[in-house]
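In what follows, a single structure is set out as structure tokens and then discussed.
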Amino acid sequence: MNNKTVYMPGPTNIKENVRQARSIKTTNPDIDIEFVEFYKNTCDKIGKIIKTTNDVYILNGEGILGLEAACASLTEKGDRVLIIDNGVFGKGFEDFVSMYGGKAILFSETHKKSIDIDKLKNFLEKDNDFKYATLVHCDTPTGVLNDLSKICPLLKKYNILTVVDSVAAMVGEKLLVDEWKIDIALGGSQKAISAQPGLTIVSVSEDAKHFIRSRKTRVTGFYCNLSIWENYYKNKKFPYTMPISDIVSIDKALDNILEEGIENVIERHRRIANSTRTALKEYGLELFLEDGYSNTVTAINIPKNIGALNLTNHILNKYNTIIGTSLGEYVNKLLRLGHMGENAKLERIIYILNILDSSLKDLGFQGKGCLVELFNKNYK
């Protein structure tokens, strides 16, 4: 199990100092006040990276926890919630809203493009009576990127709270939470941050906290209730036992990002993503998206006579390497390259392109040239 090469759009590869940090001897997170300070300092590092002065929390659970917690905390029975849908996870918010008694109204667009801002404007001119709206920054199954800098301020003009799933984009893409008026921004430890899976990142604005405090009914459940975090620092007490080793580990991953510089990290992702996509197209493969390419994920149409699942099985069996297909209707259609976090390093992308080139040729696809050479030619 340990000797496989893994190249997925999360969990990503982890730097050795992050892996080692998780093994450090730790204290009791329930009663040691020093750990409360450590946790708060770790949250503040995230705030610097995503450019917010809002409260930031790290929750004990994989990224989906944040998506559900946002909906659980904001939704009351009968609330109208706008679901901005141009991807699998974009539409997935509908389930969380309905689960907590809300009425989900979908604004659905093609999965092949970013949300059309003009169409959204026209929609909102006719119907804007929503408590909050959900949208995805980068929808992982296809890699489509949405322009939060235009969408979120537009929604706030109508006093619609904004809930953004940035799990697959955070750190790999620019994210200006305060400037873009994002009320709840959600991230995950296992994507571009490159820490172990199991932690959700949540930033919560004053507007969002006001809505949660002003509920007429109590939040259903406890674990997905964001209000239990509001006074943790004042009271120096967590709502439940924190996974202290995971917190220590993500703190080291954040240090790595801050040391490199968030602008440099984003530029590294951009260069590798652009060079990879140009190389793939010159090689003769077709990308799934028409526009809205993210820095973190590239989805590739795999010829039907090969099949995405057959290709990934071949890569695993012959080259002992795990690459992911996609989700839902795309599971046997798309191959996804997750060039995010520690995966967005030259030595890793070159290795994986070489494996992909060899595997496609093994299965009868004749590309135009060598993928690695095409990447190197375009890397700039």
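Computation of the quantities below employed the complete heavy-atom set of this structure, encompassing side-chain atoms and omitting hydrogens, waters and symmetry-equivalent molecules. We number each residue from 1, following the sequence as shown. From a predicted model like this one, the values you see are computed outputs, not experimental measurements.
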Listed partners of Asp255 passing salt bridge (Lys or Arg N to Asp or Glu O under 4.0 Å), at least two apart: Lys45

Could you list the donor-acceptor pairs under 3.5 angstrom formed between side-chain atoms of residues 363-370 and any protein atom two or more places apart in sequence or on another chain?
none

Arg271 to Tyr379, cation-pi by 6.0 Å centre distance and 45° axis angle: yes

For residues 93-100, run the donor-acceptor check on the side chains, cut-off 3.5 Å, and write out each pair with its distance to 0.1 Å, sequence neighbours left out.
{"from": "Glu94", "atom 1": "OE1", "to": "Lys91", "atom 2": "NZ", "distance (Å)": "2.9"}
{"from": "Ser98", "atom 1": "OG", "to": "Glu94", "atom 2": "O", "distance (Å)": "3.0"}
{"from": "Tyr100", "atom 1": "OH", "to": "Glu68", "atom 2": "OE2", "distance (Å)": "2.4"}

Selection residues 238-263 - residue pairs positive for ring pair (Phe, Tyr, Trp, His ring centres under 6.0 Å), sequence neighbours left out: Phe35-Phe238, Tyr39-Phe238, Tyr223-Tyr240, Trp229-Tyr240, Tyr232-Phe238

Whichever hydrophobic residues join Leu309 through chains of side-chain contacts under 4.5 Å: Val331

Listed once per pair and sorted, the side-chain hydrogen bond (donor to acceptor under 3.5 Å, both in side chains) pairs that draw on residues 102-114, sequence neighbours left out: Asp85-Ser108, His111-Tyr330

Salt bridge Lys237-Asp30, side-chain N to carboxylate O under 4.0 Å: no

Nonpolar side-chain network containing Val219, other nodes, edges under 4.5 Å: none

Test salt bridge (Lys or Arg N to Asp or Glu O under 4.0 Å) applied to Arg218 - qualifying residues, sequence neighbours left out: none

Residues in salt bridge (Lys or Arg N to Asp or Glu O under 4.0 Å) contact with Glu267, at least two apart in sequence or another chain: Arg270

Those residues that, when tested against Glu282, pass salt bridge (Lys or Arg N to Asp or Glu O under 4.0 Å) (two or more places apart): Lys377

All pairs passing ring pair (Phe, Tyr, Trp, His ring centres under 6.0 Å) where residues 125-167 contributes a residue, at least two apart: none

Pair Asp147, Ser149: side-chain N/O donor-acceptor within cut-off below 3.5 Å: yes

NZ/NE/NH1/NH2 to OD/OE distance under 4.0 Å, Glu263 and Lys174: no

Co-members of Met8 in a cluster of I, L, V, M, F, W and Y side chains, linked at under 4.5 Å: Val6, Leu316, Ile322

Any side-chain heavy-atom pair of Thr162 and Lys181 under 4.5 Å: no

